[in-house]
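Only one structure is covered here, and it is reproduced in the block below.
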Amino acid sequence: MSVDQTTVRRIARLARIAVTDEDVPHLQGELNAILAFVEQLGEVDVEGVEPMTSVTPMAMKKRQDGVTDGGYPDKIVRNAPATEDDFFLVPKVVE
Amino acid sequence: MNAPVNPKKLIKGATGDWEIVIGMEIHAQVTSEAKLFSGASTRFGAEPNSNVSLVDAAMPGMLPVINEECVRQAIRTGLGLKAQINLRSLFDRKNYFYPDLPQGYQISQYKDPIVGEGEVLVDVPDEGTINVRIERLHLEQDAGKSIHDLHPSMSFVDLNRSGVALMEIVSKPDLRSSEEAKAYVTKLRSILRYLGTCDGDMEKGSLRADVNVSVRRPGEPLGTRCEIKNVNSIRFIGQAIEYEARRQIGILEDGGKIDQETRLFDPGKGETRSMRSKEEAHDYRYFPDPDLLPLEFDQAYVDALAEGLPELPDAKKARFMSQYGLSPYDASVLIAERESADFYEAVAEGRDGKAAANWVINELFGRLNKEGRDIAASPVSAAQLGAIIDLIGENVISGKIAKDLFEIVWSEGGDPRAIVESRGMKQVTDTGAIEAAVDAVIAGNPDKVEQAKAKPTLLGWFVGQVMKQTGGKANPGAVNEMLKSKLGIE
């Protein structure tokens, strides 16, 4: 599997990463090298092997239903570049 | 999908008939105290960003821990939909960028949802019962909320809803009209409310629908569909489908083709419009969430939840019909809301079930609807309504007086039996008094008496006159009998 330049631009766009035209060929090369590396894994026969979800055999921990967090809007918005009345402010996004 | 085409459901186009095919994705907010993966509150209407934990705000290093109650509620809902419960399911990341999604992905379930195929029986007005198949139900996080009208160039973002648990309930494309779609959502909402797994409050956004609509010539394969996002009332669902089907038929009949796209319903204009441009077509790049292990539980856990389920609408309807002798229509009106059904049963307890149904549906519901109240805010309690019905049954008051009594209890409250006593509303059963009134009416209308001999239907007029004379308090049965014998009618 390998990617063409259009795919490189598309992936960048989906990830909201600004990529200049000069960067595209070089990124294409890097991505294809990674894909080639990953492709080697395809040589291993994994027929009948469950996908591994954890390195230690354990069950997922669950939480009781109770309010134990929240109530600090000032902290939540503290890092935001723009806020008002504890709302985040972002450039207008209307569909 | 391969059900026979119902000719009554077809839409007439300029070039022939069309069939609408509808599938729905319902997003139902899980009833729980805390969010799906954090300990922040789910309470509606809180101050901006006050129900937000550092997990919900996606601060670096924060990890999700699942809320057991949300899992329990999803399983219970699955059981209520007679669906397959998957003892092992997985959480995936659905990646997209939007300001109200701070993680940059939504934790959802993609290939292995917690609930698989099920079904919902839906009563469609003037049509009968249809079976709508459920494709799946999965758990996922809700996003935050953006407000666009507070500032000329900025959007305001509140993350209070971010991370609240949703159940996405996906139907198969089994619906064929806006009526069926509305009846399906109504039924689903009723099941969720019976289960207590979602409050079904569409105004607050607890229940929202994405509606997939396509059209085709009867018998042909499925057409290209458009998805109408986030419709938040049952009426709008109906309007959106009607508009969208007409729009698609218009395009196809003009020789065009339908682009698969996401559309929005504008309730003000009553139309749907395109929401996202093509180059932004979705590519969610799902992959398993490495922060979460598989969700696992055993069959014993599911069985215990099944054991504790309340009686659901279908079972209650069947029981109301057999136990109280109600018609399917009356039973379905009474069971639509659990509170109404409970109220009815309290009234019907130890009384005639049909009489109780008539009073609850015609008098009480009629009056509640008129004033826009729900059953919980009824000024007349089940005990009071029961007493009114008892008074009729004991021949203490006539049906007509009972309606006056209902009005008094509605506006003033009080014990119906005491009101009847203190205001002299008792039915006159004293034959002497009734006879006097009957004789007076007969003596005052010799011409009518003559006519009645040839035309027995005039009896009704005499009954009315006697009732008027007695202020409506004479027992109508007794008046009837006496008039018949005195007028020589039979």
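Everything quoted here is computed from the prediction, not taken from an experiment. Below, each value reflects all heavy atoms present in this structure, side chains not excepted, and no hydrogens, waters or symmetry copies. Below, read A as the first sequence line, B as the second, and so on, with proteins coming before strands; counting in each chain starts at 1.
- Contact annotation for V90(A): both backbone and side-chain heavy atoms come within less than 4.5 Å of a heavy atom of chain B.
- More than 12 heavy atoms of other residues, nucleotides or ligands shown are found within 6.0 angstrom of CD on E39(A).
- Atom CZ of F88(A) sits about 5.0 Å away from atom CG of N49(B), to the nearest 0.5 Å.
- Interatomic distance, I66(B) CD1 to K61(A) NZ, rounded to the nearest 0.5 Å: 14.0 Å.
- Looking at Q64(A) and E68(B), their side chains come closer than 4.5 Å, going by heavy atoms from C-beta outward.
- A82(A) touches chain B through its side chain: at least one heavy atom from C-beta onward sits under 4.5 Å away, while N, CA, C and O do not.
- A donor-acceptor pair is defined here as one N or O able to donate and one able to accept, closer than 3.5 Å; no such pair exists between the side chain of K62(A) and the backbone of L295(B).
- Both the backbone and the side chain of D86(A) come within less than 4.5 Å of a heavy atom in chain B.
- Counting heavy atoms from C-beta on, the side chains of Y72(A) and V52(B) never come closer than 4.5 Å.
- From F87(A), atom CZ reaches atom OG of S155(B) across 11.5 Å, with rounding to the nearest 0.5 Å.
- Contact annotation: the side chain of H148(B) approaches that of V93(A) to within less than 4.5 Å [non-hydrogen atoms, C-beta and beyond].
- Taking a 6.0 Å sphere around CZ of F97(B), one finds it holds more than 12 heavy atoms contributed by other residues, nucleotides or ligands.
- Side-chain contact check for D69(A) versus L54(B): every heavy-atom pair is 4.5 Å or farther apart.
- The CG atom of N79(A) sits 5.5 Å away from the CE atom of M59(B) when rounded to the nearest 0.5 Å.
- Side chain of D65(A) to main chain of E33(B): a donor-acceptor pair is present (N/O by atom type, distance under 3.5 Å, no hydrogens or angles).
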